[in-house]
Amino acid sequence: MGFDLFTAVIMVVLAIILTWLTLRFFFAKRQGTAAKQEQGMQSADIIVKGGYEPSLITMKPGVPITLHFDRQETGECTSHVVFSDLGLDAMLPGNAHTDVQLPALAPGDYPFACGMNMVHGMLRVEDDGSEHDDAHEHSRQTHGAHAPTAVNAKDALENERKEADERRKEIQQLGRLVIIGTVLTLPVFIVSMLHMAGHVPMPAWLTNPWLQAVLITPVMFYCGAPIHKVGWPALIHRSPDMNSLVSLGSTAAYLYSLVACIAGPLLPAGSREPYFESVGVVITLVLVGRLLESKAREGTGKAVQSLIKLRPRNAQTVSPAVLDEGEHAWHDPDNQTTVGIDDLEVGDLVVVKAGERIPADGVVVAGTLDIDESMITGESASVHGSAGDPVTGATIALKGSAVIRVSRVGGDSILAQIIAMVARAQATKAPVQQLADRIARVFVPAVIIIAIWTFAIWAAFGPQPRLAHALVTAVSVLIIACPCALGLATPLSVTAATGLGATNGVLVTSAKALEQARNIRTVVFDKTGTITRGTVDADADPEHPSYASDTVKPGSQQTIAALRQAGVRTIMLSGDKAEVAGAIARQVDIDTVIAQVRPDGKAYWIEQLQAQRDADKRDGELIAMVGDGINDAPALAQADLGIAIGTGTDVAMQSADVTLMSGDLRGVLKLINLSNATMRNIRENYAWAFGYNVIGIPIAAGVLYPFTGWLLSPMIAGLAMALSSVCLVLNANRLRHARITDDLAAGSAGASVPIAEPTIIVDEHTALNQPSNTDHYANTVNNTDTKSKENTMDMSHMHHMDQMAEATPGDGNTATDPVCGMSVAVNDEAITRTHNGTTYYFCGEHCATNFSKAPELFLEK
C-alpha cells in the first residue's frame, strides 16, 4: 500500500510539473523578429515547414512590406497563406520561394494562417508615434473587403495549374505510402488480433516482437514522414496541429514497444506486450484519411475552378478592312487570324460563331448572337446580342455569328473580376469562426495536458496492468483528438458557398457578408436601373407620372413580394417626385417610398434608418442597400450590407459587399438563401467537430471503464480521427450541390408585412428645388451630377431635420416625424399620435411607439 501511495504521489507531482511546463511552453510571451528596413521598404524571411519561422514579425507603420516565404515542404496544409484582414490569399508552391507584397499598414496586429487555418503567424505593426490615417481600422478598411483586387486571368490559370499539380502529386504520394503501410502493417495486425483471441496455434516466430519491430519501423519513419515532418516542427513552433498529436502518440507507442522488446522482463507483469500493431494501423489510417480528404477537398473549389477553365484558348481575329467588306468577308476563314487568348488587345475584332465561347468582353459590331450567360449570371434564359450590345467573355454563342470589338482583356475582364472577388471572399473570415479560432489556439495544449493527467491517473490509481492501461489511454487521447476539424469547419463551407454563389450569379466579397445576409430585415432599393429598367417612355406626357426615370424589371415585384412575405421591410429611394415614385411603388407593392432625394443624399437616409434601428435596440437586424449607379456608391458603403447590380457601374460594385451579375433583383433572394444554406452547413460542421472531440476524448481517456470495463484501442482512435475530417469535408461538399432558389420561406425573417398603400416620405429641401422630370432623368440616370461622381455628400440640405413641427395646411401636405426627423406625407394612411391636442405624423410604427413612451423627450429637441 505504501508503494502504491508513493507511486500515486510521484505521478501527480510529475503531472503537475508537466502541466506547468506545457502551459509555459505554449503560452509564454513570444519575442517578435524585427523586419529588415531598406530603400523605403521593409521585408522579412519566413520559413514554412510545419509552421512559420518566425511566427511573429514586428513591422513599422506606413512602409510597404515584402514577405519572402521559403516553403520547405509539400502538401495541401500550407499551400496557401491567407491574410484575412487584408482579403489576401497567396499560393505558396512546395519547395519554392514566393514573395508576397503587402501595402503600408497602420499600427495593429495582422494575423496570417495557412489555407487550412491550422498554422498561424502574426504581423505586428508597432506604433512609432507618427500620425496615420485613422490608424489600424482605416488600414483594414482600405485594404480589406472593399479594396479592388487586380487578378490577371493568365496568372489565375497558372496558379490553378500549379495547385492542381501539387495536389495530384500529394495524392499519388499518399496513395503509395498507404499501400506500403498496409502491406507492412497487415501481417502484424492479423497476428496480434489472433493472438489476443487466443486458442489459435501460431509459430513462435510470427509472434516475435522483433519481427513486428522490423515491419513497423519503416511504417513509422518512412510512411509516417509526411506526418512527422509537419507535426514536430509545428510543435516546436508552438503552433501544434493534428499531425503534432499523431506524432506524439505514435512516437510514445513506438518507444514503449521498443522498450518492451529490449527490456520486457523489467516491466511490470501485464505491461510487457508491445503496441507495434497500433503504431502501424494509426499511421496508415491517418494517411488514408489525408488521402480521402485531399480528394474530397478538390470538390469544394470546383465551382471556381470551372469558371477559370471557361476561357477558350484561341480567338479568330479580322482586320477592320475585312469588316467593311461585309459578312461574307469576315466569315471567310482565309481572312481570319488565330491568336492566343492572352494576346488579344483592346480594340481587336474577333469572330464568334454558334457553339463557340466568346473570347473576351466586348461589343457586337456586326451580326447577331443568342448567348448563354448562365455561367456568369446564373440565369438560364439566353440573351440576344446585336450591333451595339455588350457581351461577356467565356459565355457561349448558341445561335448566329458576329464580330465583336474587344473592350476588356486580362485582369480587367468580367471573368477575371469574378475570380478575384471569389478568391478575396475565400481569404476572409466569417465572424462565426472567431470562437473556433480561439478554441483551436488552446486545443492542442489542452489535449496534451489531458493526456498527461490521463497517464498519471491510470498509472497511479488504475487497475493492473497500470502502465499498459496508462499508455493505451494517453496515446488514445492524443490520437483521437482532431483540432483540424475546428479549423476547417468554416473555411471549407465558405469556399464551397462562394463558388456556388458565383455559378448562380451572386458574387460575395467577404465571408462576413455571406454570414450576415441571412439577418437582413430591411432592404432599401434604388429605383432607376434597380427596380426599373431606367428607360423613358418618349411618347408619354412629361407631366404624367408614367413619363419617368420607366418599366419595372422582371423579378422586381416577385422579389419584393417574397421579402414582405418573409417579414422584411422594403424601402425605395428615388429622386423622382412623390407621385412618380409612388406609382412605381404601387406596382411592386413596396412598403415605404422616400421620394425627391438628391443623388448625394441617399447615404443620409441609410444612416437615419440605422439610427432608428439602434434607437429601437434591434441589434443584429441588418439594413441592406441595393443600387447600380455611381450615386449609389456612398449608400452601398454606408449600409450594413451593400448589394450592387452587376449591370451597373464598377464604382458601385467596388463599394458593395455583394454583386448580382444578372441585374435581376431575385438575386437578393438567392443571396439570403445562400447565406442560410451556408450557415446551416457551418453549424453542422461545428456540431460534428465539437461533438466528436467532446465525446471522443473522454471515451479515449477511459471514462467508460468503471461502468463497462472497456478501453478504446489506439487503432480505433486512429480510425475515428482519420474519418472525422473526411466527414467534415464531405459535409461541406454538399453545398456544391445545393439548389439556391429565388424564393423565401414565409415568416423566415419575422412577421409578414401586410400589403397596403405605401408610406411616402418626401425630402422637403429637394422638393423645393425639384427640377423638371426631363432634367431629373438626365441627372440621375446619366449620372452627370459632379458631386455624385466624386462620391461626396452635402448634408446641409438636411438641416431642417432638427426642426420639429406638426402638420399644417402651409406645409405642403407633409409633416416631420419628431422622432427620426423624416418628412412624412399627410394623408389618410399616415401613422399618427396625438399629444396635448396636437397631431404628430410618423414614418413608421417604431417611431410612433417610441414617441408615445416619452413625448416630451422628442418635443424638447
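The structure displayed is predicted, hence computed values, not measured ones.
Closest heavy-atom contact between Val432 and Glu515: N-OE1, 2.9 Å. Taking every heavy atom of both residues into account, Ala578 and Gln596 meet most closely at N-OE1, 3.2 Å. Closest approach of Ser386 and Thr368 over heavy atoms only: CB-CG2, 3.9 Å. Between Leu636 and Ala644 the shortest heavy-atom distance is CD1-CB, 4.3 Å. For the residue pair Val391 and Ile371, the shortest heavy atom distance occurs at CG1-CD1, 3.5 Å. Smallest separation of non-hydrogen atoms from Asp657 and Ala513: CB-CB, 3.8 Å.
Taken to the nearest 0.5 Å, the CD1 atom of Ile672 stands 12.0 Å off from the CD1 atom of Ile740. How far OG1 of Thr522 is from CG of Leu622: 9.5 Å, rounded to the nearest 0.5 Å. Atom OG1 of residue Thr532 and atom NZ of residue Lys527 lie 4.0 Å apart, to the nearest 0.5 angstrom. Expressed to the nearest 0.5 Å, how far OG1 of Thr530 lies from CZ of Phe525 amounts to 9.0 Å. Here the NZ-OG distance, from Lys602 to Ser574, works out to 7.5 Å after rounding to the nearest 0.5 Å. From Asp526, atom CG reaches atom CG of Asp632 across 4.0 Å, with rounding to the nearest 0.5 Å.
When atom types are taken as modelled, the side chain of Thr678 and the backbone of Leu674 share a donor-acceptor pair closer than 3.5 angstrom. Asp372 contributes no side-chain N or O that, together with a main-chain N or O of Ser382, makes up a donor-acceptor pair within less than 3.5 Å. One N or O on the side chain of Thr498 and one on the backbone of Val494 form a donor-acceptor pair closer than 3.5 Å. Looking at Gln638, its side chain never comes within 3.5 Å of a backbone N or O of Trp605 through a donor-acceptor pair. Put simply, the side chain of Thr392 never gets that close to the backbone of Thr395: no donor and acceptor are under 3.5 Å apart. Checking side-chain atoms of Asp361 against main-chain N and O of Ile414 turns up a donor-acceptor pair under 3.5 Å. Remark: the backbone N or O of Gln587 is paired with a side-chain donor or acceptor of Gln557 at under 3.5 angstrom.
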(message) Does Arg521 form a side chain to side chain contact (heavy atoms under 4.5 Å, CB included) with Val523? I'd like the steps, not just the answer.
(response) CA-CA 7 Å; Arg521 295 298 179 266; Val523 181; over 6 Å; no

(message) Could you go through Ile594 and Ile571, starting from their C-alpha distance and side-chain angles, then the distance that decides it, and tell me whether this counts as side chain to side chain contact (heavy atoms under 4.5 Å, CB included)?
(response) CA-CA 7 Å; Ile594 305 177; Ile571 299 174; 4.0 Å; yes

(message) Go through it in stages, so that I can follow the logic: the residues are Thr759 and Asp591, the test is side chain to side chain contact (heavy atoms under 4.5 Å, CB included), and I'd like the CA-CA distance, side-chain angles, deciding distance and then a yes or no.
(response) CA-CA 6 Å; Thr759 300; Asp591 298 316; over 6 Å; no

(message) For a side chain to side chain contact (heavy atoms under 4.5 Å, CB included) check, start with the C-alpha distance between Ile643 and Leu660, then their side-chain angles and the critical distance, and finish with the verdict.
(response) CA-CA 7 Å; Ile643 304 174; Leu660 308 180; 3.7 Å; yes

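A salt bridge is absent between Asp664 and Lys553: the closest approach of a Lys/Arg side-chain nitrogen to an acidic carboxylate oxygen does not fall below 4.0 angstrom. A salt bridge is absent between Asp589 and Arg564; no separation between the charged side-chain nitrogens and carboxylate oxygens falls under 4.0 Å. Ion pairing between Arg613 and Asp640 holds under the 4.0 Å rule for side-chain N and carboxylate O.
Ile831 is listed as a side-chain neighbour of Arg833, based on a closest heavy-atom distance under 4.5 Å. Between Val506 and Thr659 the shortest side-chain heavy-atom distance does not fall below 4.5 Å. Side chains of Arg533 and Pro554 form a contact here, defined as non-hydrogen atoms less than 4.5 Å apart. Counting heavy atoms from C-beta outward, Leu669 and Thr741 have side chains that stay 4.5 Å or more apart. Residues Tyr841 and Pro818 are not in side-chain contact: their nearest non-hydrogen atoms beyond the backbone lie 4.5 Å or more apart.
Only one option out of Leu609, Ile761, Leu573, Val524 pairs with Thr592 in a side-chain contact (heavy atoms from CB on, under 4.5 Å); it is Ile761. Each of Asp576, Thr528, Ile531, Thr551 was compared with Ile584 under the side-chain contact (heavy atoms from CB on, under 4.5 Å) criterion, and only Ile531 meets it.
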